[in-house]
Trainee: 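Could you have a look at this structure, given as structure tokens, before my questions?
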Amino acid sequence: MKKTLLLTAVLAIATMAFAQTPVYLDNSKPINDRVEDALSRMTLQEKINMVHAQSKFSSPGVPRLGIPEVWCTDGPHGIRTEVLWDEWEQAGWTNDSITAFPALTCLAATWDPEMSLLYGKSIGEEARFRNKTVLLGPGVNIYRTPLNGRNFEYMGEDPYLSSRMVVPYIQGVQSNGVATCVKHYALNNNELNRNNTNPILDERTLREIYLPAFKAAIQEAGSWTIMCAYNLYGGKWLSENDYLLNQVLKKEWGFDGVVISDWGAVHNTEGTVTGGLDLEYGSWTNGLTTGASNAYANYFLADPYKKLIQEGKVGTDELNDKCRRILRLIFRTGMNPNRPFGSINSEAHISAARTIGDNGIVLLKNDAPAKKAPKLLPIDLNKTKKILVVGENAIKMMTVGGGSSSLKAQHEVLPLDGIKARIGNAAEVVYQRGYVGDASGEYNGVVTGQDLSDTRTAQQLIADAVNEAKTADLVIFIGGLNKSNHQDAEGADREQLALPYNQDAVISALAAANKNLAVVIISGNAVEMPWVKSVPAIVQDWYLGSEAGNSLADVLLGDVNPSGKLPFTYYATLDQVGAHVEGEYPGHENPNIFMEAFGRKIPVYDMPYNEGLFVGYRYIDKNKLQPTFPFGHGLSYTTFTYGKASIDKKEVTADGKVTVTIPVTNSGSREGKEVVQVYVQDVQSALVRPQKELKAFKKVTLKPGETKNVSFTLDKSALSYYDDTKKQWVAEPGTFNVLVGASSKDIKSTVSFELK
């Protein structure tokens with residue numbers, strides 16, 4: 001009897017406890033119900049705590065309610081090493097070494113959404129293993145100028161390509177219960193004066209060029225957070241820009257996630273409260289070591305915000321909306337019971353890094369060095385017994401440096417080591433430095449440990465390389481840029497399009513000494529090539545992360561048939577860049593706007609985007625220019641033959657679709673992948689339009705002799721332009737040409753239809 005009564009009492013208590021479980025803890029309830037329940041239980045102070053940082057990379061949850069903190073990590077090429085709570089110095093962990101993935105320029109160069117999904121899933125697993133809530137990436141700012149120091153973190157010059165590549169990346173990351181934070185919204189197209197640049201452009205250019213990738217990230221991929229940029233738009237900081245944050249992002253696009261500030265991008269309290277920002281990080285303080293006492297409570301959205309509420313100067317509607325969004329983020333991530341555990345440095349991740357690198361390397365040029373000789377690449381070890389490798393980038397670690405994407409990788413295979421490992425004893429591989437660029441190797445406390453110092457003069461370095469080249473069967477120059485300041489790095493732009501460190505002289509000397517010269521450029525940007533006609537083979541390599549050397553060796557030796565295509569135009573000079581010819585770069589000082597920082601006024605620079613829509617290949621087409629290599633260009637070790645394009649309808653209504661098909665044949669001797677590109681041309685329109693615009697692409701694999709009919713379906717969105725007087729997208733009736741080709745300059749077939 002006593003046992004029965006005791007059991008009954010226990011069951012009653014358990015039933016009562018279950019019945020009293022807060023809705024916000026009940027995972028069976030819809031997220032919005034859980035959000036409202038949690039919000040109703042929070043005090044004003046708990047709400048204020050939630051909307052600003054508590055450390056360099058975290059913000060509070062609600063400990064009293066068991067709601068966890070939000071932890072961010074830099075990306076987008078790997079999970080950043082841990083730093084101290086209140087300082088940028090390294091935390092000294094021994095278990096935060098990760099897989100370094102290729103830079104996003106390489107991912108874009110694959111032109112393959114499947115690679116993007118693999119990338120996102122893999123890096124998302126590493127972020128989840130480190131128990132991060134938000135991965136601060138990917139970046140989708142448009143490549144407006146090749147001098148932008150941060151282009152290597154972005155996805156090229158074309159809004160359509162960026163849109164198609166960003167969506168699967170986000171889906172892959174968020175499948176791990178980790179949020180992406182798409183950045184930098186918007187118009188962060190230069191690092192020079194990035195904190196105080198005010199881009200000036202028309203609404204049409206904004207909508208057609210600079211916003212599409214962000215829109216796809218929100219509406220198609222459903223990114224759970226987005227990062228506002230440092231710069232201004234319309235004279236308003238992006239951290240308090242009502243138009244872009246509230247009107248476009250939240251209302252028009254239906255974004256239900258969190259707007260996170262870039263670190264230090266917030267400038268005042270009142271404007272930020274109503275301007276659309278939800279979560280403030282890094283407001284010009286080094287935590288508790290510099291700045292005000294109790295620094296985080298002095299953030300713009302901390303005690304100053306609370307004071308405005310208590311004084312009745314602002315209400316709590318905005319605060320509640322910010323907290324709703326942050327709670328929604330937490331329920332999708334840290335409080336998601338189905339969140340997988342993740343993994344780090346797995347064989348699958350190493351393989352993914354190598355595969356993405358293999359697919360992104362671009363073969364720019366591959367000629368025969370002499371008459372009746374075969375093409376220089378791939379390397380034929382039956383005829384090559386001595387290989388000379390020249391260049392600092394062959395031996396320099398590239399995972400460290402470049403700004404916030406700097407990584408502490410578990411390993412990094414250098415290009416020289418990758419080549420040596422692949423060749424083994426099949427040929428002699430010797431090395432000469434050729435030039436000395438940046439002998440250092442440290443960023444934010446992560447040290448490569450390399451000693452790249454060299455006391456030889458520039459002349460002696462060239463002479464030593466040339467002497468060795470005279471007896472080599474093949475010379476491979478591996479140079480380009482690095483992640484030092486004023487190269488491919490956050491915080492500063494490049495100072496010139498030319499190669500640094502006297503590399504042009506090295507390449508020219510090598511070309512004169514040995515006709516069998518292959519030049520490999522490691523960079524995230526285009527560079528000038530005054531020697532382009534004297535070099536038979538040129539390879540655009542990228543910052544490829546942990547497996548950099550292995551991926552490069554895969555392509556040079558022909559284990560992998562190159563299939564990458566340029567995601568940006570390879571300009572011959574800056575005179576081919578619309579931003580430098582018609583637009584203004586780096587802008588001019590605006591006497592009416594100042595930025596307040598550190599107790600002083602900093603000028604704001606207006607930067608007119610006078611080139612408008614004509615970015616990249618659009619400007620090249622408009623002015624009939626010949627770049628060094630066009631957008632979409634990339635060669636293969638096999639050949640592809642295009643047939644005649646056909647269309648299923650010669651007429652279509654605005655709400656209809658047309659399907660374009662073209663046969664593509666592998667007419668070479670080995671299996672390969674080809675990126676078939678579709679551009680659309682509006683023959684006559686009321687407003688000026690680019691000569692053609694990328695609107696579809698597919699990467700297809702073909703065996704020797706195999707033919708595939710590659711089809712693309714185009715809809716109204718592929719035909720429309722944004723009419724900024726009507727504030728809507730318009731597809732005008734008339735004739736449209738569909739141009740199918742292997743690059744923006746290599747159009748193979750054209751077919752037309754009539755839009756009724």
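Please read these numbers as outputs of a predicted model, since none were measured by experiment.
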Trainee: Using ring pair (Phe, Tyr, Trp, His ring centres under 6.0 Å) as the criterion, point out the one residue from Phe594, Tyr230, Phe300, Trp237 that pairs with His267.
Mentor: Trp237
Trainee: Can you tell me how the ring of Phe631 sits relative to the ring of Tyr617, calling it parallel under 30°, perpendicular over 60° and tilted otherwise?
Mentor: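 Phe631 and Tyr617: parallel rings.
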Trainee: Between Phe753 and Phe736, what is the ring plane arrangement, given parallel below 30°, perpendicular above 60°, and tilted in between?
Mentor: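 Judged by the thresholds at 30° and 60°, the geometry between Phe753 and Phe736 is parallel.
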Trainee: Is it the case that Arg164 places NZ or CZ above or below the six-membered ring of Tyr160, under 6.0 angstrom from the centre and within 45 degrees of the axis?
Mentor: yes
Trainee: Indicate whether the side chain of Thr110 and that of Asn359 have a donor and an acceptor atom separated by less than 3.5 Å.
Mentor: no
Trainee: Classify the ring geometry of His184 against Tyr154: parallel below 30°, tilted from 30° to 60°, perpendicular beyond 60°.
Mentor: perpendicular
Trainee: Has Lys745 got more than 12 heavy atoms of other residues, nucleotides or ligands less than 6.0 Å from its NZ?
Mentor: yes
Trainee: Can a side-chain donor-acceptor contact be found between Glu732 and Tyr721 if the only test is distance below 3.5 angstrom?
Mentor: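 Yes, side-chain donor-acceptor contact under 3.5 Å.
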Trainee: Kindly assign one of parallel, tilted or perpendicular to the pair Tyr233 and Tyr243, based on the angle between their ring planes and the thresholds 30° and 60°.
Mentor: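 Rings of Tyr233 and Tyr243: tilted, 30 to 60°.
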Trainee: Could you walk me through whether Tyr210 and Tyr609 pass ring-ring contact (aromatic ring centres under 6.0 Å, His included), step by step?
Mentor: CA-CA 11 Å; Tyr210 296 101; Tyr609 284 29; 5.4 Å; yes
Trainee: Check whether any side-chain N or O of Asn393 sits under 3.5 Å from a backbone N or O of Gly479 as a donor-acceptor pair, and report yes or no.
Mentor: yes
Trainee: Tell me if a side-chain donor or acceptor on Lys183 pairs with a main-chain N or O of Cys228 at a distance below 3.5 Å.
Mentor: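 Pair absent, no side-chain N/O of Lys183 close to backbone of Cys228.
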Trainee: Salt bridge between Asp256 and Arg325, side-chain N to carboxylate O under 4.0 Å?
Mentor: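 Between Arg325 and Asp256 there is no salt bridge, as every charged N stays at least 4.0 Å from the carboxylate O atoms.
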Trainee: Answer yes or no: does atom CD of Gln684 have more than 12 heavy-atom neighbours from other residues, nucleotides or ligands under 6.0 Å?
Mentor: no
Trainee: Taking only residues at least two apart or on different chains, which pairs with a member in residues 269-278 satisfy side-chain hydrogen bond (donor to acceptor under 3.5 Å, both in side chains)?
Mentor: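 Of all non-adjacent pairs touching residues 269-278, those that pass side-chain hydrogen bond (donor to acceptor under 3.5 Å, both in side chains) are Lys250-Asp278.
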Trainee: Is the Tyr585 to His580 ring centre distance short of 6.0 Å?
Mentor: yes
